[in-house]
Amino acid sequence: MTRNAASVVVLDFETTGLSPDQGDRAIEIGAVRIEEGRVTERFQSLMNPGRRISGFIESYTGITNKMLARAPSCKEVMHDFAGFIGGYDLVAHNASFDKRFLDAELQRIRCDYRGEFACSMLVARRLYPDAPNHKLETLVRLNRIEVNGDFHRALSDAEMTANLWLSMLAKINKQFRSRSIPFGVMQKLAKTPKASVETYLGGVLKP
DNA sequence: TGCCAGGCCCTCTTTAGGGCCTT
(Lines give C-alpha, C1' and ligand atoms only; values in the text may rest on other atoms or scores of the structure.)
Protein backbone atom coordinates (compact mmCIF):
# COMPACT_ATOMS: atom_id res chain seq x y z
CA MET A 1 0.00 0.00 0.00
CA THR A 2 1.30 3.44 -0.93
CA ARG A 3 0.69 5.95 1.80
CA ASN A 4 -1.01 9.17 0.82
CA ALA A 5 0.44 12.60 1.62
CA ALA A 6 -3.13 13.83 2.24
CA SER A 7 -3.61 11.46 5.19
CA VAL A 8 -1.13 12.46 7.90
CA VAL A 9 -0.79 13.85 11.43
CA VAL A 10 0.60 17.40 11.47
CA LEU A 11 2.20 18.32 14.77
CA ASP A 12 3.92 21.16 16.56
CA PHE A 13 5.77 21.31 19.90
CA GLU A 14 6.38 24.27 22.16
CA THR A 15 9.46 23.57 24.26
CA THR A 16 11.74 25.03 26.92
CA GLY A 17 14.49 25.57 24.33
CA LEU A 18 16.08 24.26 21.18
CA SER A 19 17.75 21.02 22.13
CA PRO A 20 16.54 17.93 23.99
CA ASP A 21 20.19 16.82 24.09
CA GLN A 22 20.85 19.85 26.30
CA GLY A 23 18.00 18.94 28.62
CA ASP A 24 15.19 20.92 26.99
CA ARG A 25 11.68 19.51 27.37
CA ALA A 26 8.33 19.81 25.60
CA ILE A 27 5.76 22.10 27.26
CA GLU A 28 2.90 21.86 24.74
CA ILE A 29 1.88 19.58 21.90
CA GLY A 30 -0.67 20.46 19.23
CA ALA A 31 -1.62 18.25 16.31
CA VAL A 32 -4.27 17.71 13.68
CA ARG A 33 -5.08 14.48 11.90
CA ILE A 34 -5.84 14.89 8.20
CA GLU A 35 -7.62 12.13 6.32
CA GLU A 36 -8.00 12.42 2.55
CA GLY A 37 -7.27 16.12 2.73
CA ARG A 38 -9.70 16.96 5.55
CA VAL A 39 -9.00 17.69 9.20
CA THR A 40 -10.76 14.97 11.17
CA GLU A 41 -9.24 15.17 14.68
CA ARG A 42 -7.34 17.62 16.86
CA PHE A 43 -5.04 17.09 19.86
CA GLN A 44 -3.76 19.78 22.20
CA SER A 45 -2.27 19.75 25.67
CA LEU A 46 0.11 21.70 27.83
CA MET A 47 2.53 19.52 29.77
CA ASN A 48 4.46 20.16 32.94
CA PRO A 49 8.20 19.71 32.30
CA GLY A 50 8.92 19.57 36.05
CA ARG A 51 10.85 22.81 36.16
CA ARG A 52 10.38 26.54 35.56
CA ILE A 53 10.59 27.90 32.04
CA SER A 54 12.54 31.03 31.10
CA GLY A 55 11.07 34.50 30.71
CA PHE A 56 12.00 34.32 27.05
CA ILE A 57 9.85 31.21 26.48
CA GLU A 58 6.99 32.73 28.50
CA SER A 59 6.91 35.78 26.24
CA TYR A 60 7.67 33.85 23.04
CA THR A 61 4.81 31.38 23.49
CA GLY A 62 2.46 33.10 25.94
CA ILE A 63 2.67 29.93 28.05
CA THR A 64 3.42 30.83 31.67
CA ASN A 65 4.88 28.95 34.62
CA LYS A 66 1.51 29.35 36.31
CA MET A 67 -0.24 27.59 33.40
CA LEU A 68 2.30 24.74 33.42
CA ALA A 69 2.01 24.25 37.18
CA ARG A 70 -1.59 23.10 36.62
CA ALA A 71 -0.78 20.97 33.53
CA PRO A 72 -0.48 17.17 33.44
CA SER A 73 3.01 15.66 33.24
CA CYS A 74 4.88 15.10 29.99
CA LYS A 75 4.62 11.38 30.68
CA GLU A 76 0.83 11.44 30.83
CA VAL A 77 0.38 13.67 27.78
CA MET A 78 2.91 11.91 25.57
CA HIS A 79 1.32 8.56 26.30
CA ASP A 80 -2.01 9.89 25.02
CA PHE A 81 -0.32 11.55 22.08
CA ALA A 82 1.38 8.32 21.00
CA GLY A 83 -2.13 6.89 20.72
CA PHE A 84 -3.27 9.87 18.64
CA ILE A 85 -0.38 9.40 16.18
CA GLY A 86 -1.23 5.73 15.67
CA GLY A 87 0.34 4.51 12.46
CA TYR A 88 0.08 7.83 10.60
CA ASP A 89 2.94 9.54 8.83
CA LEU A 90 3.93 12.88 10.32
CA VAL A 91 4.42 16.42 9.05
CA ALA A 92 5.94 19.43 10.83
CA HIS A 93 7.39 22.80 9.88
CA ASN A 94 11.14 22.30 10.22
CA ALA A 95 10.47 18.65 11.05
CA SER A 96 13.99 17.91 12.29
CA PHE A 97 13.22 20.08 15.34
CA ASP A 98 9.88 18.43 16.22
CA LYS A 99 11.22 14.95 15.47
CA ARG A 100 14.04 15.41 17.99
CA PHE A 101 11.55 16.36 20.73
CA LEU A 102 9.05 13.64 19.78
CA ASP A 103 11.79 11.01 19.86
CA ALA A 104 13.20 12.29 23.17
CA GLU A 105 9.85 12.53 24.96
CA LEU A 106 8.66 9.13 23.71
CA GLN A 107 11.97 7.52 24.61
CA ARG A 108 11.49 8.72 28.21
CA ILE A 109 8.26 6.71 28.43
CA ARG A 110 9.59 3.83 26.34
CA CYS A 111 7.07 4.47 23.57
CA ASP A 112 7.60 4.40 19.82
CA TYR A 113 5.82 5.27 16.59
CA ARG A 114 5.82 3.72 13.14
CA GLY A 115 5.21 6.67 10.81
CA GLU A 116 7.81 8.70 8.96
CA PHE A 117 8.37 12.45 8.92
CA ALA A 118 8.10 14.95 6.08
CA CYS A 119 9.04 18.63 6.42
CA SER A 120 6.72 21.39 5.21
CA MET A 121 9.55 23.93 5.35
CA LEU A 122 11.85 21.97 3.02
CA VAL A 123 8.97 21.40 0.59
CA ALA A 124 8.04 25.10 0.74
CA ARG A 125 11.61 26.07 -0.12
CA ARG A 126 11.17 24.12 -3.37
CA LEU A 127 7.65 25.25 -4.22
CA TYR A 128 8.10 28.91 -3.23
CA PRO A 129 11.79 29.61 -3.95
CA ASP A 130 11.08 33.33 -4.28
CA ALA A 131 9.24 33.78 -0.97
CA PRO A 132 10.84 36.47 1.24
CA ASN A 133 11.61 33.70 3.74
CA HIS A 134 10.21 30.29 4.70
CA LYS A 135 8.98 30.95 8.22
CA LEU A 136 5.56 29.44 8.92
CA GLU A 137 3.93 32.85 9.40
CA THR A 138 5.27 34.20 6.10
CA LEU A 139 4.12 31.15 4.13
CA VAL A 140 0.68 31.23 5.77
CA ARG A 141 0.19 34.87 4.75
CA LEU A 142 1.63 34.25 1.28
CA ASN A 143 -0.97 31.52 0.70
CA ARG A 144 -3.77 33.58 2.27
CA ILE A 145 -4.36 30.84 4.82
CA GLU A 146 -6.76 31.80 7.59
CA VAL A 147 -4.95 32.72 10.80
CA ASN A 148 -6.91 31.13 13.63
CA GLY A 149 -5.34 31.67 17.03
CA ASP A 150 -1.84 32.78 17.95
CA PHE A 151 1.42 31.98 16.24
CA HIS A 152 3.79 30.08 18.57
CA ARG A 153 1.01 28.11 20.23
CA ALA A 154 1.09 24.43 19.37
CA LEU A 155 -2.43 23.80 18.05
CA SER A 156 -2.61 27.03 16.02
CA ASP A 157 0.77 26.36 14.46
CA ALA A 158 -0.14 22.72 13.74
CA GLU A 159 -3.43 23.80 12.17
CA MET A 160 -1.75 26.43 9.99
CA THR A 161 1.02 23.98 9.02
CA ALA A 162 -1.70 21.50 8.04
CA ASN A 163 -3.39 24.10 5.84
CA LEU A 164 -0.05 25.04 4.30
CA TRP A 165 0.61 21.36 3.61
CA LEU A 166 -2.80 20.91 1.94
CA SER A 167 -2.26 24.09 -0.03
CA MET A 168 1.09 22.75 -1.32
CA LEU A 169 -0.50 19.40 -2.25
CA ALA A 170 -3.24 21.27 -4.15
CA LYS A 171 -0.64 23.37 -5.98
CA ILE A 172 1.22 20.23 -7.08
CA ASN A 173 -1.98 18.40 -8.05
CA LYS A 174 -3.09 21.36 -10.14
CA GLN A 175 0.25 21.83 -11.88
CA PHE A 176 0.81 18.15 -12.63
CA ARG A 177 -2.84 17.15 -13.03
CA SER A 178 -2.43 14.42 -10.46
CA ARG A 179 -5.16 13.21 -8.12
CA SER A 180 -3.08 12.12 -5.16
CA ILE A 181 0.53 12.29 -4.07
CA PRO A 182 2.31 9.45 -2.27
CA PHE A 183 3.85 10.49 1.05
CA GLY A 184 7.23 9.25 -0.16
CA VAL A 185 7.12 11.69 -3.08
CA MET A 186 6.82 14.62 -0.64
CA GLN A 187 9.77 13.26 1.36
CA LYS A 188 11.89 12.99 -1.77
CA LEU A 189 10.72 16.39 -3.02
CA ALA A 190 12.12 17.90 0.18
CA LYS A 191 15.58 16.66 -0.81
CA THR A 192 15.39 17.30 -4.55
CA PRO A 193 17.71 20.02 -5.90
CA LYS A 194 15.63 23.14 -6.61
CA ALA A 195 16.52 23.11 -10.30
CA SER A 196 15.17 19.54 -10.67
CA VAL A 197 11.84 19.93 -8.86
CA GLU A 198 9.65 20.12 -11.99
CA THR A 199 11.48 17.24 -13.68
CA TYR A 200 11.14 15.09 -10.58
CA LEU A 201 7.42 15.76 -10.03
CA GLY A 202 6.64 15.53 -13.76
CA GLY A 203 8.31 12.14 -13.91
CA VAL A 204 6.75 10.64 -10.82
CA LEU A 205 3.21 12.06 -10.98
CA LYS A 206 1.35 10.72 -13.97
CA PRO A 207 -2.13 12.20 -14.54
C1' DT B 1 26.51 32.60 36.14
C1' DG B 2 26.70 31.81 31.50
C1' DC B 3 25.95 29.23 27.87
C1' DC B 4 23.89 25.87 24.99
C1' DA B 5 21.63 22.47 18.66
C1' DG B 6 21.28 20.39 14.29
C1' DG B 7 20.08 19.74 9.47
C1' DC B 8 19.76 22.00 5.15
C1' DC B 9 21.67 24.80 1.65
C1' DC B 10 24.31 28.43 -0.68
C1' DT B 11 28.81 30.00 -2.10
C1' DC B 12 33.81 33.80 -2.49
C1' DT B 13 32.80 25.28 -1.58
C1' DT B 14 34.42 20.15 -0.79
C1' DT B 15 41.14 21.12 3.55
C1' DA B 16 34.69 25.94 5.20
C1' DG B 17 31.78 29.30 6.82
C1' DG B 18 27.53 31.23 7.67
C1' DG B 19 22.38 32.09 7.14
C1' DC B 20 17.93 29.97 7.69
C1' DC B 21 14.38 27.57 10.49
C1' DT B 22 12.47 25.50 14.81
C1' DT B 23 11.81 27.05 20.86
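In what follows, chains carry the letters A, B, and so on, assigned in the order in which the sequence lines appear, proteins first and then strands, with residues in each chain numbered from 1. Excluded from the calculations below are hydrogen atoms, water molecules and symmetry mates; all remaining heavy atoms, backbone and side chain alike, are included.
- A/Asp24 comes within 4.0 angstrom of nothing in the nucleic acid, heavy atoms only.
- For the P atoms, the distance from B/dC4 to B/dG18 is 15 Å, rounded to whole Å.
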Problem set entry | From CA spacing to verdict: side chain to side chain donor-acceptor pair (under 3.5 Å), A/Asp24, A/Ser19 | CA-CA 5 Å; A/Asp24 286 317; A/Ser19 174; 5.4 Å; no
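- Distance check on atom C1': B/dG17 versus B/dT13 gives 9 Å, rounded to whole Å.
- Taking a heavy-atom distance under 4.0 Å as the criterion, the stretch of DNA chain B touched by chain A extends 5' to 3' from B/dC4 to B/dT23.
- Within the 4.0 angstrom heavy-atom criterion, no nucleotide atom of any strand lies near A/Thr16.
- Heavy atoms of A/Phe101 sit nowhere under 4.0 angstrom from any nucleic acid atom.
- When the P atom is used for both B/dC8 and B/dC3, the distance is 29 Å, rounded to whole Å.
- Comparing A/Ser96 and A/Thr61 by the nucleotide of DNA chain B that holds the closest heavy atom to each, the one mapping nearer the 5' end is A/Ser96.
- Residue pairs that meet the salt bridge (Lys or Arg N to Asp or Glu O under 4.0 Å) test with at least one member in residues 57-81 of chain A, sequence neighbours left out, do not exist here.
- Comparing the P positions of B/dG2 and B/dC9 gives a spacing of 37 Å, expressed to the nearest Å.
- Of the two residues near DNA chain B, A/His134 and A/Ser19, the one whose nearest nucleotide lies more 5' is A/Ser19.
- Take A/Asn48 and apply the side chain to side chain donor-acceptor pair (under 3.5 Å) test, not counting sequence neighbours, and it matches no residue.
- Nucleotides B/dC12 and B/dG6 are separated by 28 Å at their P atoms, to the nearest Å.
- Side-chain contact between A/Leu155 and A/Val32 is present, with at least one heavy-atom pair separated by less than 4.5 Å.
- In terms of the side chain to side chain donor-acceptor pair (under 3.5 Å) criterion, residue partners of A/Ser167 (sequence neighbours excluded) are, by chain and number, A/Asn143.
- Residue contacts shown for A/Glu14 are limited to sugar-phosphate atoms, with no base heavy atom under 4.0 Å away.
- Sorted by first and then second residue, the ring-ring contact (aromatic ring centres under 6.0 Å, His included) pairs involving residues 134-172 of chain A (not counting sequence neighbours) are A/Tyr60-A/His152.
- Counting non-hydrogen atoms under 4.0 angstrom, A/Ala95 reaches nothing in the nucleic acid.
- Qualifying side chain to side chain contact (heavy atoms under 4.5 Å, CB included) partners for A/Lys174, counting only residues two or more places apart in sequence or in other chains: none.
- Within 4.0 Å of A/Leu136, counting heavy atoms only, lie sugar-phosphate atoms of the nucleic acid but no base atom.
- Residue A/Asn133 is classed as a sugar-phosphate contact, given heavy-atom separations below 4.0 Å to backbone atoms only.
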